[in-house]
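Letters A, B, ... are given to chains in the order of the sequence lines, protein chains preceding strands, and every chain is numbered from 1.
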Amino acid sequence: MESGKSNNETKHGSKSLGGINETLTSIGSSSVLSNLSIVHLFYLAAIVFVTMFLVIPIFTLIISSVSIFFETTRPLPPDFFGYMMKVTWNTILLGILTTLITVGIAIPLALLITKFGVSMPSLWIALLTVPLITPAFISSFATIILLGRTGIITKALKLIGIQFPSIYGLLGLVITQILHTIPYALLIIIAGLQTIPRHIEEVAQSMGSSVLKVQYTIVIPYIYPHILMAGLMVFLTSIGDVGAPLIIGGSYKVIAMEIYSNFISFLGDERIPLIFSTWIIIISVVLVFGLNYLMKLTNVKHKFETGIMKYDIKPVKRWGTFVVAFITILFLLPYVVTVIHSFGTIWANTWLPKSFTLKNYRTVIKDTGPIKNTLILIFTVTPTIVFLGIIFGQMFRTTRWFKWFNYFTLMPFVLPGVVIGVSLLQTYSKVRILGKDLVSSVVILIIAIAVRRLPFVLKTIEAGFSKIDTSQEEAARSLGAKDLKTFLSVVYPQIKPSVYSAIIIGIVKVVTELSSALIIYPPGWQNMSLYIAYYVSEGFISRAAAMSIILILIVGVGTAISNHLSRRDLEKYA
Amino acid sequence: MHEERYDIRIVNLVKKFGSTTAVNDFNIEIEKGKLVALLGPSGCGKTTLLRLIAGFEKPTSGDIVLRGKVINDVPPQKRNIGIVFQDYAVFPIMNVFDNVAYGLRIKKLPREEINSRVMEYLALVGLTGYEKRMPSQLSGGQQQRVALARALVTNPDLLLLDEPLSNLDAALRLRIRKEIKKIQRKLGITAIFVTHDQEEALSIADKIYVMRRGILMQGGSPREIYNNPKNDFVANFIGKSNIFYGKVVDADENYYKVGIDGSFFNVSRGKYGVDRDIEIDRDVWVSIRPHFLSVRRNGDSSSVNDNDNRINGNLNRGVARVNYIEYLGSYTKGELKLESGLVMEFELSHSSTEELDVKVDDTVSYSISPENIIVGDTIKGTD
């Protein structure tokens, strides 16, 4: 209706404005001015949402943290910079160690799985990506069960005379983050390896280069951008996490944790979260732009599809399978232990829990609050971000004018959840809607999680969009279809599979969200992640385990349903 | 042992992928310093054959002999074969110099020698001054030159070219084709050139092997292949041709008479294709090249043809209707429908004095000399 009306108006005015309109369209921008439609209202709504709840809060946060330095009435304590440097160094050390080890493990794993024909490659990939659907802190407390003072591996090592060092602190953090970030690194590097045309490696071989030498003179340099990307993801994830430092960090102070603890504690200095948030934003942004520059230098575009080189070397195949299986088991051990623990009673100083029971599950389910809250968040946040993702996806590919806005929508990729939480609370602390404080209603939690998880969903949907040529829409439009009609009839059916994947990712990312929720949970709105963290900190390990398993099950069911829908859809179009 | 005359011999080579046979009992011998084309439609097994020679695939049976040594089990690294792919396969992460130097560095040559060799070969392919460029800053043709220099710099025993020109635009294709041929001559390197483009093969190769569905159809010099096709597939694939199927209905010592769907043609014996007699009643294929049809406007046919007493009486001639016509500057091509209903393509080059001036639906007279019709009884099909 609306689009029809505006079209008529344009026709009307075209006598006087026609010349200008033509000039504008001929400049090359799409016909935004001459053809405003309902689609543009959606664009506007999406932009307003991100501006209000991400851009403005972050800038407010930065401005107020800068103003702290100019305030003379209440100077920062003299040892503040020493403390800040120490915490910064701790954080960066954690990030670097995690990144080097994770990427160092992921590269050979990816090579073995994709190029050297190990048996059952998709099984290993599936198992190694389990951490993607679990919250990070599950890895932390699983690490405690395994390697803590009374952990079973600690115990086993003691038997052969090795004293495992305390895991509370840097060691535990690094182990946890490696466990948690390996899927990111692995998947990105595998994706990179899929882009190397077979001929490149064959040419190198025919010039006398051995298979091993081809890997490090050609293959690894070729996927340099992917390796950088993987490293960046691992680094930012590991420095932004609060769940792990909360559970296993001990006295090892990192930036994200200092933001959190000073924010929630009455004894904390309320200026520290602001300054540290800005500081971590600066670190992240510098890193992203630096790497972006490096990646541009090495970016490789290959338009030919010749398939990838697969090697058939019997011993490498056999030993490779063994190595991959061993690493996979090692990485899955924490999750196996979590399952065992969820059915166990007391588990200390023994190889297995004293006895097995369903009591943990009963206790955990009795309090329906967290499960209900988590489900409510799934059903509010996921549709919101998938809808926003579709709008932004379409906007970024059809209108050149707003491409730069993508820098804002993608910002949460690199910003720790605590920073987003702090910025929202700080900006909207005095806003009231319907007679209630915004910050004490569930709306703010929904907004926080939506803003934080939007980039993941958006990236997935953009991948679907990238396969559709805009000429299809031009064809539809030339046949007389309006913008919205064109989108719904021509474009949307083609991106549907990506929308389903986006829903899966949305569910996973909403359920596993902890850090922003830790900062802003309105009274009575603790979700499952928060409860798990609470159980762990209170020492109810088996209840935490049971809750974690339920959480993984919810994610599993959601994933299965979306998968089923998307398969049904694919069959329809196949 | 005497010095091998052949640089590479392929003996009874078979390659099967599951139940499909990509290369079927293949035998060829290539002399030193020759450029040989493997020609065939896509999926004919020519690329598989090349990959077998390079060592990227293992033969199911048979032998590949390089300079007198069976190399079936030699890995690609040890074969000393240079290869150029159609997608260039230039290492995008290295500049031009490093690309070309890669093979020399693998061989651990001293730095000065690497430098001079790389510069020498870059000069050979006309890329002096481009050493520091990254592949992304080069055009397709330049990337292909880098690939060529890189393949040649290590002094390989054999150069393999896998459709090296098919990603280049038409004008560039002709230029690089010429350059490849010149460089190959200059270095005296033995080379195998895989292509699906018959014109490319004719222009560049000393010898052409026509392949189809893994089987060798015919091998020979471009001239032999063009003038003496051994079967209808080769006749159709090399050059342009009207291919018909018919029967020999009569024969005397000089001519066959071949019937095709109610049209009859006199064909000279012995000059082409068949080196033995074809019995009467035998099924044959018939190839008539479009440019061997002479077409005149109806009415002025008598002036030329009646002078030609040598073939008078045996000349195939008649009237036909013009079905379709294209004017192409230096020549005109089109389609004739003969009285019997047979449809035939023709091509007429314009001499300085006359141009064929006919329109669709005009009636014209045509003639074909019996010497210009090729027949054979080995029928393979043309697809």
Side-chain angles (χ1 to χ4, degrees), chain A residues 107 111 115-117 189 192-229 291 293-317, chain B residues 47 50-51 53-58 74-95 98-109 134-137 140 143 146-164 166-167:
Chain A
I107 291 175
L111 279 172
K115 298 178 78 72
F116 287 92
I189 291 169
L193 291 175
Q194 308 282 10
T195 64
I196 310 175
R198 191 175 62 185
H199 289 163
I200 296 259
E201 285 172 70
E202 287 176 346
V203 163
Q205 283 192 58
S206 75
M207 284 190 282
S209 200
S210 71
V211 172
L212 183 67
K213 202 158 192 175
V214 172
Q215 302 312 306
Y216 66 83
T217 57
I218 306 290
V219 172
I220 291 177
Y222 196 102
I223 58 163
Y224 193 54
H226 292 90
I227 293 174
L228 285 179
M229 186 67 198
L291 280 195
Y293 175 73
L294 278 181
M295 272 191 249
K296 270 201 192 115
L297 286 183
T298 53
N299 209 6
V300 174
K301 281 217 174 78
H302 226 279
K303 55 177 188 271
F304 306 106
E305 284 171 22
T306 49
I308 66 163
M309 185 81 195
K310 299 214 168 161
Y311 295 95
D312 184 19
I313 309 166
K314 292 273 144 48
V316 177
K317 239 177 178 171
Chain B
T47 295
L50 195 83
R51 296 175 59 80
I53 297 171
F56 302 135
E57 305 284 355
K58 282 233 150 51
V74 177
Q77 289 89 344
K78 303 251 161 68
R79 291 194 179 194
N80 198 25
I81 287 175
I83 186 157
V84 176
F85 285 110
Q86 82 169 276
D87 57 4
Y88 326 131
V90 171
F91 305 136
I93 44 182
M94 300 175 191
N95 65 23
D98 292 336
N99 257 285
V100 179
Y102 185 85
L104 301 174
R105 288 184 180 141
I106 295 288
K107 288 194 160 67
K108 299 209 164 64
L109 295 187
M134 293 303 279
S136 57
Q137 299 167 294
Q143 291 190 40
V146 174
L148 188 62
R150 185 179 64 179
L152 291 169
V153 75
T154 51
N155 220 345
D157 294 337
L158 179 67
L159 176 66
L160 302 178
L161 302 141
D162 184 12
E163 306 227 8
S166 47
N167 277 316

- Would the number of heavy atoms belonging to other residues, nucleotides or ligands and lying under 6.0 Å from NZ of B/Lys78 be above 12?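 Open: at most 12 neighbouring heavy atoms sit under 6.0 Å from NZ of B/Lys78.
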
- Using a cut-off of 6.0 Å, state whether more than 12 heavy atoms not belonging to A/Lys310 lie near its atom NZ.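 Atom NZ in A/Lys310 is not packed in, count stays at 12 or less.
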
- Message: Checking A/His199 against B/Asp87 for the side chain to side chain contact (heavy atoms under 4.5 Å, CB included) test, could you report, in this order, the C-alpha distance in whole Å, the side-chain angles of both residues, the deciding distance, and whether it holds?
- Response: CA-CA 8 Å; A/His199 289 163; B/Asp87 57 4; 2.9 Å; yes

- Message: When you compare the side chain of B/Phe91 with that of A/Thr217, does any pair of heavy atoms fall below 4.5 Å?
- Response: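 With C-beta onward as the side chain, the pair stays apart.
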
- Output the option from A/Met207, A/Met309, A/Glu202, A/Lys213 having the highest count of non-hydrogen pairs under 4.5 Å with chain B.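 Between A/Met207, A/Met309, A/Glu202, A/Lys213, the count favours A/Glu202.
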
- Message: Among residues at least two apart in sequence or on other chains, which ones pass side chain to side chain contact (heavy atoms under 4.5 Å, CB included) with B/Asp98?
- Response: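 If we apply the side chain to side chain contact (heavy atoms under 4.5 Å, CB included) test to B/Asp98, skipping adjacent residues, the hits are B/Met94, B/Asn95, B/Arg105.
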
- Message: Which residues pass the side chain to side chain contact (heavy atoms under 4.5 Å, CB included) test with B/Ala147, not counting sequence neighbours?
- Response: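 B/Ala147 satisfies side chain to side chain contact (heavy atoms under 4.5 Å, CB included) with B/Val84, B/Val90, B/Gln144, B/Arg150 once adjacent residues are dropped.
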
- Message: Please rank B/Leu160, B/Thr154, B/Ile81, B/Asn80 by heavy-atom pairs under 4.5 Å with chain A and give me the top one.
- Response: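 Highest number of pairs under 4.5 Å: B/Ile81.
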
- Query: Looking only at heavy atoms, which two atoms of A/Gln205 and B/Pro76 are closest? And how far apart?
  - Reply: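 Taking A/Gln205 first and B/Pro76 second, the nearest heavy atoms are OE1-CG, 3.5 Å.
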
- How close do A/Gly208 and B/Ile106 get, heavy atom to heavy atom, and via which atoms?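 Closest heavy-atom pair between A/Gly208 and B/Ile106: O-CG2, 3.2 Å.
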
- Task: Pick one of side chain, backbone, both or neither for B/Ile83, based on which atoms fall under 4.5 Å of a heavy atom in chain A.
- Result: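 Both backbone and side chain of B/Ile83 come within 4.5 Å of chain A.
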
- Message: Using modelled atom types and a 3.5 Å cut-off, is there a donor and acceptor pairing between side-chain atoms of B/Gln77 and backbone atoms of A/Ser209?
- Response: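 Between the backbone of A/Ser209 and the side chain of B/Gln77 there is a qualifying donor-acceptor contact (under 3.5 Å).
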
